[in-house]
Amino acid sequence: MAEAVNATTTTSTEGLLSQLFGSITASLGNIESILYKVLLAIVIFAIGLLIASFIRTVMKRSVSPRLPPHVYRPLENAVFYGLLFLAGMAALQPFGVNLSALLVAGGFAGIVVGFASQSALSNLVSGIMLLAEQPFRVGDPVSVANVSGVVVNVSVLSTTIRTWDGPMVRIPNNEVFNSMITNYVKVRARRVEFTIGVHYDTDIQKAIEVLKNFLEEHPFCLVNPAPEAFVDQYADSSINIKVRCWAPPQVWFATKVDLQTRVKQILDEAGIQIPYPQLDLHIISSKTEIPIKVLEDRVDRRE
Amino acid sequence: MSEGSDNVLLARAPWMISPGIEFRVGEAVIKRELDGDVEACDRYGCARARVTPELEVRGHPIPAVYRLFEGTPYIYVEFEDRLYVEGDGRVYWTLAPYDIEVYVGDVVLVRISPVRVKFTLVGDVVEGVLARHYKAPVVYRRDDLPDPTGTAVVAFRVKGDPAILPGIGFNAAEATLYVDEAGFLYYPVVEVESNDGVITAKVSDRPPVDGVKPLVRARRRLITLQQAAPFMMTVDVVRRRLVTP
């Protein structure tokens with residue numbers, strides 16, 4: 001009996017050992033397989049990384065010199081990290097991860113994220129369009145979406161403008177793209193124009209001549225197109241003379257300020273008067289006599 | 001012209017301004033007081049600096065594309081009378097402005113103009129080119145030019161079809177000015193071509209006359225008044241001894 005028990009115990013121990021050995025062998029096989037897969041994944045990702053780095057180097061050499069930094073940087077990042085993402089996806093394949101399923105899932109996620117961030121995407125697309133079209137550059141004085149100032153930065157999502165009075169305004173590119181853009185340096189010259197009123201007693205020819213000489217002497221009033229001064233309106237209190245000259249856009253504001261400041265002095269020196277608003281009163285005489293009686297209040301005077 | 005051995009005045013550009021010197025060319029004035037004050041003026045304003053006596057102050061002629069602002073590399077010379085050209089390669093002569101770069105040591109203090117500054121648009125408002133404007137006579141011989149004080153001599157050769165030129169424009173920003181023994185300044189020869197009614201002008205790297213020296217903007221050896229020619233028509237040098245307080 002005891003022998004039988006012993007035999008049974010020996011058999012069960014052997015079975016256990018063989019089971020243990022079998023499971024260890026299987027585990028080792030699994031580990032070998034996992035190690036192989038990990039190694040394969042690392043190799044795939046490393047190859048992807050190498051390809052991405054190579055493409056980035058090629059881009060740096062050939063594309064970077066042809067594009068402004070604010071256009072090139074996002075492009076380089078998109079290409080590099082896009083390739084890394086694809087390499088990562090390929091590296092997951094040995095583990096049985098279905099790439100197409102993941103991409104489909106990613107696509108769905110992209111659509112969901114896209115809907116959620118519609119405005120950001122719209123700005124991004126508008127930013128790319130603006131960078132391609134280049135209606136203005138950094139440093140240009142512009143008017144965009146009711147904001148006037150100097151362009152400080154153009155990124156893929158927004159445009160920053162420093163307004164004439166100092167504050168920085170960030171405008172989403174979507175709004176910039178859909179707005180009317182006025183660029184003040186894309187032209188070769190800008191017209192300075194203002195109106196000055198002279199007294200009705202003024203010799204108009206003399207006034208026009210004085211003003212034309214003033215414009216012709218000014219260094220920033222271009223020779224061609226020639227400056228102009230002409231009677232614009234016979235107004236209530238003055239003869240209004242319109243003064244026009246073309247100036248380089250870079251000095252347009254300085255020219256306008258200088259001309260408007262000095263014109264009074266020029267007219268004063270020439271003896272030409274700039275009148276105040278005035279009203280002539282004409283009393284029409286009546287045939288009926290109006291009796292006027294002046295009463296002297298002696299009592300009040302004495303007081 | 002020389003009043004003292006310690007004060008050396010140059011007739012030929014670049015003009016060295018010693019203490020106690022007032023230098024005039026056209027409307028440009030560079031004045032250096034004995035107490036160290038330097039003042040450079042033209043009709044549009046002045047720039048001042050206080051310098052040590054050993055520091056070099058000089059005026060250096062440069063192409064007229066800096067004053068009053070650096071808005072264009074072009075100079076347009078409008079002729080007083082329109083010029084009929086055969087296009088046979090003949091050389092004509094005219095005058096163009098230059099600016100003076102005033103150096104204090106190796107630092108540019110200011111750029112001034114010996115003549116009035118005007119600009120013009122050559123072409124229309126959208127496609128045209130902004131250029132520094134100057135009105136000058138055009139002649140067939142160098143000797144027929146009037147006193148070029150404050151301006152540099154320009155020789156231009158016209159090839160191609162016959163045409164009537166109202167003026168010539170050229171890119172002067174990179175041009176090297178030349179100075180001759182008499183102190184006259186020159187732009188390089190401008191090559192003008194007239195083809196199918198289109199006039200193109202290009203500045204060459206050749207001086208228009210022999211015996212001139214290029215005015216490079218690097219530091220130059222001093223040339224004394226005694227070494228310079230006795231007559232100086234391009235520069236009207238006024239020298240006065242300033243009294244220190």
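Quick caveat, the model's predicted, so the values are computed rather than measured. Just so it is clear: chains get the letters A, B, ... in the order the sequence lines come, proteins before strands, and each one is counted from 1. The analysis underlying the following values was restricted to heavy atoms, covering all of them including side chains, and did not include hydrogens, waters or symmetry mates.
- With ring centers used as reference points, B/Phe156 lies under 6.0 Å from B/Phe79.
- Within the 3.5 Å criterion, the main-chain N or O of B/Gly105 finds a donor-acceptor partner in the side chain of B/Arg58.
- Heavy atoms closer than 4.5 Å to chain B are found in both the backbone and the side chain of A/Val187.
- The contact between A/Glu216 and chain B is made entirely by backbone atoms, counting heavy-atom distances below 4.5 Å.
- The closest side-chain donor-acceptor pair between A/Thr160 and A/Arg170, if any, does not fall under 3.5 angstrom.
- Using a 4.5 Å cut-off between heavy atoms, B/Tyr76 makes no contact with chain A at all.
- Interface check for chain A: of the options B/His133, B/Glu78, B/Arg43, the most heavy-atom pairs under 4.5 Å are formed by B/His133.
- When all heavy atoms are compared, the tightest approach of B/Val102 to B/Ala40 is CG2-CB, 3.9 Å.
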